[in-house]
Amino acid sequence: MLSVFVLLGLVVGQTLGACDGGGLPDLGSDGEDANNEYYQSLSSSHPFSVRDLVRADRLSGGKTSPDGTTVAFFRYVWNVELNASSTTLWVADLASGSASRVTPFAWGLSEFNAQWTSDSSRIVFLSNRGGSGTQVWAVSPTGDDLRQVTDYPLSVQTMALDGNNVAFSVSIFPGTTMDQTCNYLAAKEEGTIPGYGKLDAFLYTKTFVRHWDTWFQARRNHVFLTTMSVSGGQVTFAEPRDIMMEWDVDVPTKPYGDMNEWSFSADGKVFAFSRQMSCDDSGVCDLTEEKSDVTWKTNLDICFVSTAPGDTPNCVTNNPAIDTEPRFHPTNPELLSYVRTTVPGYESSQREIYLWNISSGVHWRAVDQSFDFSVGEHTWSSDGTKIIFNAIVDGVNQVYYTEGSQQYPTGVNTDQDHPLSCGGLDPFGEQVLLACSSLYRPVEFFVASLGGSAVSQLTVFNTDLLAKVQMGTEAQYLKYSGADGDEVGMWVLTPYDYQPTGSYGVAMLIHGGPQSAWTTDWSYRWNPQMYAGEGYFSVMINFHGSMGSTGNLSGQAFIDSITKNWGGRPFIDIHMGLDYVLTESAYAGSLDAERAVAAGASYGGYMIGWIAGHMDEVMASGKNSGFKALFWHDGMFNTRAFAYDTEELWFPEHDFGGPEYQDPSNYELYNPANFVSNWNTPMIIAQGGKDFRLSTNHGISMFNALQRRGIDSELMYFPTQNHWITGPTELTAWMTWALNFLNRYGNP
């Protein structure tokens with residue numbers, strides 16, 4: 001616990017304001033469609049680049065109305081000239097697909113988390129447009145009667161509505177009111193803390209000290225419950241109550257948690273949520289505090305609380321691994337689905353859907369155990385007869401449903417002229433709304449009939465952009481024999497100007513995770529079309545450790561094969577995959593082995609460092625000439641340092657077989673730092689200043705080692721970015737600088 005709690009009691013009488021607030025930039029409302037107008041003005045098309053990537057509209061947050069007529073969603077746009085973005089609320093008619101903006105446009109807006117009132121008359125959502133932080137707003141689907149619903153002193157983070165019940169979260173000091181938290185924050189900012197003046201220091205007695213990109217400074221995500229009324233078109237909230245009060249616990253969980261970790265029962269009497277649980281080795285758990293062990297354990301439990309005032313939460317699952325994402329059945333308040341893993345301390349243990357009869361206490365699998373793939377999202381169909389979910393299988397984020405307990409699921413056909421990867425599952429009637437994308441276009445909304453024909457596209461954005469860019473048009477999912485003779489899959493994407501008789505360099509893109517996968521999802525960061533636009537043939541291997549394998553070693557067994565083997569099987573898969581595309585694939589005759597480059601982030605960055613120290617092994621087959629240049633992004637230089645400087649200690653402790661101090665040899669076996677003397681390959685480094693997953697020490701160490709050895713190298717440093725480069729200007733510089741460097745060797 002931090003000493004800040006002592007200081008809280010000393011701060012009184014401050015002037016309250018919006019502690020998390022701030023006005024919008026004074027940039028007006030012109031230029032909403034500047035990107036569309038830009039592409040309309042072009043007389044000819046051009047190869048796709050990062051500048052096109054950041055100009056693309058981004059759609060998110062689709063939510064269908066209870067009457068099944070309308071979809072609410074959000075559209076993000078960025079203006080190059082103003083260096084400003086805006087996210088506004090839109091609607092689309094489910095019958096015609098006609099879309100229109102609902103809320104007034106202005107630069108600097110951030111709107112999200114759309115919900116509908118039960119009579120479909122109002123959309124309730126979160127917005128920063130009032131200048132008092134992020135608050136709850138409501139508007140009719142036609143844009144009439146836009147009103148601010150809340151004016152809390154703290155920003156609302158996420159929100160869920162169900163009938164008249166409302167849950168929302170704020171970041172608060174445990175055991176205080178929102179006003180008291182605001183008082184302390186105001187005193188800290190003004191330098192008026194009694195006995196200290198202006199204090200910018202913290203005393204830590206437990207971990208987390210920092211998480212993802214944020215230092216822990218005693219505030220916790222707490223969920224509040226209240227009720228909502230709609231009268232005369234006006235939405236009002238009753239006085240909310242913090243159901244956690246003194247609990248030193250985050251709900252939703254950090255850093256990625258949101259309303260998907262919550263659910264209201266069908267009768268509105270119970271609210272379920274998931275949280276991290278601290279338990280000692282004998283299984284005795286502390287309900288009220290997250291202790292240091294949450295940094296090396298992955299114990300999430302589901303808790304219940306009555307929506308009636310006065311009740312305190314009761315945490316009801318005791319699995320030492322993960323229980324999360326509760327989903328009450330839409331009509332039966334005694335039936336709950338949720339996601340469970342079974343291996344403590346392993347965040348990539350298989351995610352399975354379980355059903356729970358609350359009255360009997362019986363839990364059972366919802367999907368046949370032979371379906372050996374991790375579930376992504378899941379939800380009930382509107383009538384409660386089906387469970388809908390998605391899972392990565394053979395490089396596609398595929399949608400499935402099951403109609404009974406422990407049945408093998410049925411796939412929803414999401415193929416059009418190319419396979420779509422889909423998520424954002426929102427059921428209505430006998431259908432489900434999906435947010436789908438591909439290697440060829442950003443997210444659009446689609447509608448699928450469960451058990452029916454292929455999906456139909458609902459929204460159409462980015463038409464002008466897509467008409468004026470040239471992309472790689474041929475993507476194939478190829479399979480070959482990798483490490484241990486196991487079947488390995490890879491996506492390949494041709495260059496924008498591909499001709500079978502041409503000659504093209506190869507860009508090997510290495511995904512992070514490592515327990516993730518390359519899929520057909522459109523990426524706003526690691527998008528292979530940016531490499532295709534430079535004339536590269538892109539190769540994206542789902543090496544051992546990746547999700548979705550259907551080969552001889554498949555599903556979870558393929559994922560688990562990377563444990564204590566980071567520089568082993570995946571490395572073999574990568575150089576054997578390079579051999580395969582250069583000598584055996586249908587594209588071999590058009591690829592130049594002398595112009596291969598490689599790029600990777602996170603685990604992919606680790607692998608770039610490992611490749612640099614083992615280039616002789618890459619070339620040992622004689623079928624390739626190695627990689628001529630490398631791009632390392634927020635990766636790992638020293639595995640032993642990583643064991644202590646990362647924030648989620650469960651990650652290295654599982655993947656390397658335990659804490660570093662118990663067996664350093666597991667960490668040393670595949671440590672890139674041990675092979676710096678073998679480095680000779682030119683390399684560009686990218687490092688985010690707020691990356692606490694893989695800290696700045698790794699990027700600086702990589703660059704120092706390269707410079708000390710006299711190797712052509714460059715360092716890109718982004719002080720405001722975390723593990724991901726997301727700012728449009730930073731993203732533009734990041735990919736421009738990286739490709740300029742790689743092109744000196746792979747595309748001269």
Answer yes or no: is there a side-chain heavy-atom contact under 4.5 Å between W522 and N527? yes

Testing Y603, F571, Y480 one by one against F543 for a ring pair (Phe, Tyr, Trp, His ring centres under 6.0 Å), which residue passes? Y603

Is it true that a side-chain atom of Q529 and a backbone atom of G472 form a donor plus acceptor pair closer than 3.5 Å? yes

Charged N to carboxylate O under 4.0 angstrom, E648 versus K297? no

Answer yes or no: is there a side-chain heavy-atom contact under 4.5 Å between L509 and W518? yes

With side chains defined as the heavy atoms from C-beta onward, is the minimum distance between Y477 and T520 less than 4.5 Å? no

Are F371 and F389, when compared by the centres of their aromatic rings, separated by less than 6.0 Å? yes

Closest heavy-atom pair, V488 versus N542, reported as atoms and distance to 0.1 Å, is CG1-O, 3.5 Å

Could you pull out the closest heavy-atom pair between A733 and F718, with the gap in Å? CB-CE2, 4.5 Å

Interatomic distance, NE2@H211 vs CD@E647, rounded to 0.5 Å, equals 5.0 Å

Report yes if the side chains of D645 and H698 come closer than 4.5 Å at any heavy-atom pair, otherwise no. yes

Is it true that, when you exclude R525 itself, more than 12 heavy atoms of the residues, nucleotides or ligands shown sit nearer than 6.0 Å to its CZ? yes

F112 vs S60 side-chain heavy atoms within contact, under 4.5 Å: no

Between T324 (side chain only) and V339 (backbone N and O only), is there a donor and an acceptor less than 3.5 Å apart? no

Check for a donor-acceptor pair, side chain of R351 on one end and backbone N or O of G376 on the other, with a separation under 3.5 Å. yes

Any chance the side chains of E534 and N743 put a donor and an acceptor closer than 3.5 Å? yes

The test is ring-ring contact (aromatic ring centres under 6.0 Å, His included); show your working for F637 and F642 and say whether it passes. CA-CA 8 Å; F637 172 72; F642 170 65; over 10 Å; no

Indicate yes or no for a side-chain donor-acceptor contact from W212 to the backbone of P255 under 3.5 Å, with no hydrogens or angles considered. no

If you apply the rule side-chain contact (heavy atoms from CB on, under 4.5 Å), what do you find for I685 with E714, and how did you get there? CA-CA 6 Å; I685 305 296; E714 295 175 0; over 6 Å; no

Within 45 degrees of the ring normal and closer than 6.0 Å to the centroid, is that where the cationic atom of R595 sits relative to Y745? no

With ring-ring contact (aromatic ring centres under 6.0 Å, His included) as the criterion, how do F675 and H614 come out once you've worked through the C-alpha distance, each side chain's angles and the decisive distance to 0.1 Å? CA-CA 8 Å; F675 299 92; H614 297 81; 4.4 Å; yes

Donor-acceptor contact present, side-chain N390 to main-chain C422, <3.5 Å: yes

Identify whether the distance between the nearest side-chain nitrogen and carboxylate oxygen of R640 and E660 falls below 4.0 Å. yes

Where A593 and S625 come nearest, the two heavy atoms and their spacing: O-CB, 3.6 Å

Could you tell me which non-hydrogen atom of N565 sits nearest to which non-hydrogen atom of Y670, and how far apart they are? ND2-OH, 3.3 Å

Which residues share a salt bridge (charged side-chain N to carboxylate O under 4.0 Å, His left out) with E377, sequence neighbours left out: none

Q515 versus D655, side-chain donor and acceptor atoms under 3.5 Å: yes

Distance-only donor-acceptor pairs under 3.5 Å for side chains of residues 550-557, two or more places apart:
from	atom 1	to	atom 2	distance (Å)
T550	OG1	D394	OD1	3.0
T550	OG1	D394	OD2	2.8
T550	OG1	K479	NZ	3.1
N552	OD1	E487	N	2.9
N552	ND2	D486	OD1	2.9
Q556	OE1	Q350	N	3.3
Q556	NE2	S348	O	3.0
Q556	NE2	D560	OD1	2.9

Using the test side-chain hydrogen bond (donor to acceptor under 3.5 Å, both in side chains), find all partners of Y498 that sit at least two apart in sequence or belong to another chain. S590

Interatomic distance, E347 atom CD to L300 atom CG [nearest 0.5 angstrom]: 11.0 Å

M508 versus F627: any side-chain heavy-atom pair under 4.5 Å? yes

Tell me whether Y531 contacts the main-chain N or O of F537 through its side chain, where contact means a donor paired with an acceptor under 3.5 Å. no

Are any side-chain N or O atoms of N638 and backbone N or O atoms of A641, one a donor and one an acceptor, separated by less than 3.5 Å? yes

Could you walk me through whether Y76 and F74 satisfy the ring-ring contact (aromatic ring centres under 6.0 Å, His included) test, starting with their C-alpha distance in whole Å, then the side-chain angles of each, then the deciding distance to 0.1 Å, before giving a yes or no? CA-CA 7 Å; Y76 163 97; F74 299 95; over 10 Å; no

Output yes when a side-chain donor or acceptor of R441 lies under 3.5 Å from a complementary backbone atom of L466, and no otherwise. no

Under the ring pair (Phe, Tyr, Trp, His ring centres under 6.0 Å) test against W566, which residue among Y667, W610, Y606 passes? Y606

Evaluate side-chain contact (heavy atoms from CB on, under 4.5 Å) for D497 paired with Q470, printing each intermediate quantity in order. CA-CA 8 Å; D497 59 348; Q470 301 167 31; 5.7 Å; no

Verify the distance criterion only: is there a donor paired with an acceptor across the side chains of S621 and D579 at less than 3.5 Å? yes

Walk me through it: do Q398 and I392 pass the test side-chain contact (heavy atoms from CB on, under 4.5 Å)? CA-CA 6 Å; Q398 177 67 53; I392 295 173; over 6 Å; no

For L742, run the side-chain contact (heavy atoms from CB on, under 4.5 Å) check against N747, V597, L630 and tell me which one passes. V597

State whether a side-chain donor-acceptor pair under 3.5 Å links D634 with Q687. yes

Taking A483's backbone N and O only, do any of them form a donor-acceptor pair with D573's side chain (distance below 3.5 Å, no angle check)? yes

Backbone of F558 reached by a side-chain donor or acceptor of S561 within 3.5 Å: yes

Passes side-chain contact (heavy atoms from CB on, under 4.5 Å), M547 versus S374? Steps please. CA-CA 8 Å; M547 301 173 69; S374 271; 3.9 Å; yes

Distance (rounded to the nearest 0.5 Å) between S695 OG and M636 CE: 10.5 Å

Got N674 and E668 here, is their nearest side-chain heavy-atom distance under 4.5 Å? yes

Is any side-chain heavy atom of L731 closer than 4.5 Å to one of W734? yes

